[in-house]
Amino acid sequence: MSSSADSSSFPGRIVRRALLLDAPERAATRLLGMILARRAEDGTIQTGRIVEVEAYLGPHNTPPDPAAHSFRGPTGRNRVLFGPAGHAYVYSIYGRYFCMNVSCEPEGRAGCVLLRALEPLGTAESLARMATHRGLNIEPYANGYPLADQAARALTSGPSRLCQALGLTRAAHNGLDLLDPDSPLQLREDGFTPAEPLVTPRIGIRQAADWPLRFALRGQRCVSGPARLRG
DNA sequence: AGGCCGATCCTCT
DNA sequence: GAGGATCGGCCTA
């Protein structure tokens, strides 16, 4: 048998739910440095370290967050946000992409954290799988690390890129408990301790465009956005 | 029933 | 730096 640990089990250990039972700004900074890990139906896994996030506030806040999907209360699409902390909220955008959030706060409060970028992790085989998911040529990934900066960014720098790389869809992943050891999509931690994050306004929104709710790890190559927002 | 628009990405200039 | 793809969801009527 030549099944490497990488392709059969997730790295690190499951995150404690208490870390996410909190306001989105605090949950967001705690998510930085954690690992998002997905097990595909064929048993392979794809993983990345979270390097950029954005907080979206629930409608109970004053003032409420007009950029949040929960702004106008529960709907069929956003109901996961009003449920318990630590679940995946995956939605489709522009008809062709998905974005993924982590719900936070106690049940009834709809705060959440958008995952905007990952540093890809894993073996060459795993990186190549992510490249295939992204529709990229696997050749730059077939030898594993070190990955060129440009190749790493092409994989997982951006909220919809990371969903593509990990094969995340609304149909398969929306509502999953990220802290359940049997879940095919989990949040893990491996002892990585990030420094104080860069804090900026959120990207790509029109409402509340100046609220400082984007958090990124300084010096991380996969952080998205224009240079001045990448630390 | 219909219209509008987006927490994006990619291509081209 | 700008524009197009593409469609589900939410709002108005």
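Keep in mind that the numbers below use all heavy atoms, side chains included, and drop hydrogens, waters and symmetry copies. In the text below, chain A, chain B and the rest are named by the order of the sequence lines, each starting its count at 1.
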Could I get the full list of side-chain hydrogen bond (donor to acceptor under 3.5 Å, both in side chains) partners for [X], not counting sequence neighbours?
X        : result
A:Asn101 : none
A:Tyr56  : A:Glu54
A:Asn143 : none

Would you compute the distance between atom [atom1] of [X] and atom [atom2] of [Y] and round it to the nearest 0.5 angstrom?
X        : Y        : atom1 : atom2 : result
A:Met100 : A:Tyr91  : CE    : OH    : 12.0 Å
A:Asp65  : A:Trp211 : CG    : CH2   : 5.0 Å
A:Leu213 : A:Ile205 : CG    : CD1   : 8.0 Å
A:Thr200 : A:Arg230 : OG1   : CZ    : 12.0 Å
A:Met34  : A:Ile14  : CE    : CD1   : 11.5 Å

Inset, instruction - Among A:Ile45, A:Thr47, A:Leu185, find the residue that satisfies the side chain to side chain contact (heavy atoms under 4.5 Å, CB included) test when tested with A:Arg39. - result: A:Ile45
Between the main-chain N or O of [Y] and the side-chain N or O of [X], is there a donor-acceptor pair closer than 3.5 Å?
X        : Y        : result
A:Ser92  : A:Gly95  : no
A:Arg49  : A:Gly33  : yes
A:Ser103 : A:Gly86  : yes
A:Ser70  : A:Gly111 : no
A:Arg218 : A:Gly231 : no
A:Asn78  : A:Gly73  : yes
A:Gln186 : A:Pro181 : yes
A:Thr62  : A:His60  : no
A:Tyr141 : A:Ala151 : yes

Could you pull out all donor-acceptor pairs under 3.5 Å where a side-chain atom in residues 161-180 of chain A meets a protein atom, sequence neighbours excluded?
| residue | atom | partner | partner atom | Å |
| --- | --- | --- | --- | --- |
| A:Arg161 | NH1 | A:Arg153 | O | 3.4 |
| A:Arg161 | NH1 | A:Ser157 | O | 3.3 |
| A:Gln164 | OE1 | A:Arg134 | NH1 | 2.4 |
| A:Thr169 | OG1 | A:Ala172 | N | 3.1 |
| A:His173 | NE2 | A:Gly167 | O | 3.4 |
| A:Asn174 | OD1 | A:Val90 | N | 2.9 |
| A:Asp177 | OD1 | A:Arg17 | NH1 | 3.1 |
| A:Asp177 | OD1 | A:Arg17 | NH2 | 3.3 |
| A:Asp177 | OD1 | A:Leu179 | N | 3.0 |
| A:Asp177 | OD2 | A:Arg17 | NH2 | 3.0 |
| A:Asp180 | OD1 | A:Asp182 | N | 2.7 |

List the atom pairs, with distances to 0.1 Å, where a side-chain N or O of residues 22-29 of chain A and a protein N or O form a donor-acceptor pair under 3.5 Å, not counting sequence neighbours.
| residue | atom | partner | partner atom | Å |
| --- | --- | --- | --- | --- |
| A:Asp22 | OD1 | A:Arg26 | NE | 2.9 |
| A:Asp22 | OD1 | A:Arg26 | NH2 | 2.9 |
| A:Asp22 | OD2 | A:Arg26 | NE | 3.1 |
| A:Asp22 | OD2 | A:Arg30 | NH1 | 3.0 |
| A:Asp22 | OD2 | A:Arg30 | NH2 | 3.2 |
| A:Thr29 | OG1 | A:Arg26 | O | 3.0 |

Inset, instruction - Can you tell me which stems involve DNA chain C, if a stem is defined as three or more consecutive Watson-Crick or G-U wobble pairs, both distances under 3.5 Å? - result: B:1-6 with C:7-12, B:8-12 with C:1-5
Inset, instruction - Residues of residues 156-172 of chain A with any non-hydrogen atom less than 4.0 angstrom from an atom of DNA chain B: list those, numerically ordered, please. - result: A:Gly158, A:Pro159, A:Ser160, A:Arg161
Legend entry - Close residues, residues 52-75 of chain A, relative to DNA chain B [heavy-atom separation under 4.0 Å]: A:Tyr56, A:Ala67, A:His69
Inset, instruction - Check DNA chain C against residues 21-38 of chain A and give the residues with a non-hydrogen atom under 4.0 Å, in numerical order. - result: none
Inset, instruction - May I ask you to list the residues of residues 76-109 of chain A, by number, that have any heavy atom positioned under 4.0 Å from an atom of DNA chain C? - result: A:Arg77, A:Ser92, A:Tyr94, A:Gly95, A:Arg96
Inset, instruction - May I ask you to say what A:Arg214 touches in the nucleic acid, namely base, sugar-phosphate or nothing, with a heavy-atom cut-off under 4.0 Å? - result: nothing
Inset, instruction - Walk along DNA chain B from 5' to 3' and tell me the first and last nucleotide with an atom closer than 4.0 Å to a non-hydrogen atom of chain A. - result: B:dG6 to B:dC10
Inset, instruction - Rounded to whole angstrom, note down the P distance from B:dA7 over to C:dG1. - result: 22 Å
Legend entry - Range on DNA chain C touched by chain A - first to last nucleotide, heavy-atom distance under 4.0 Å: C:dA5 to C:dC11
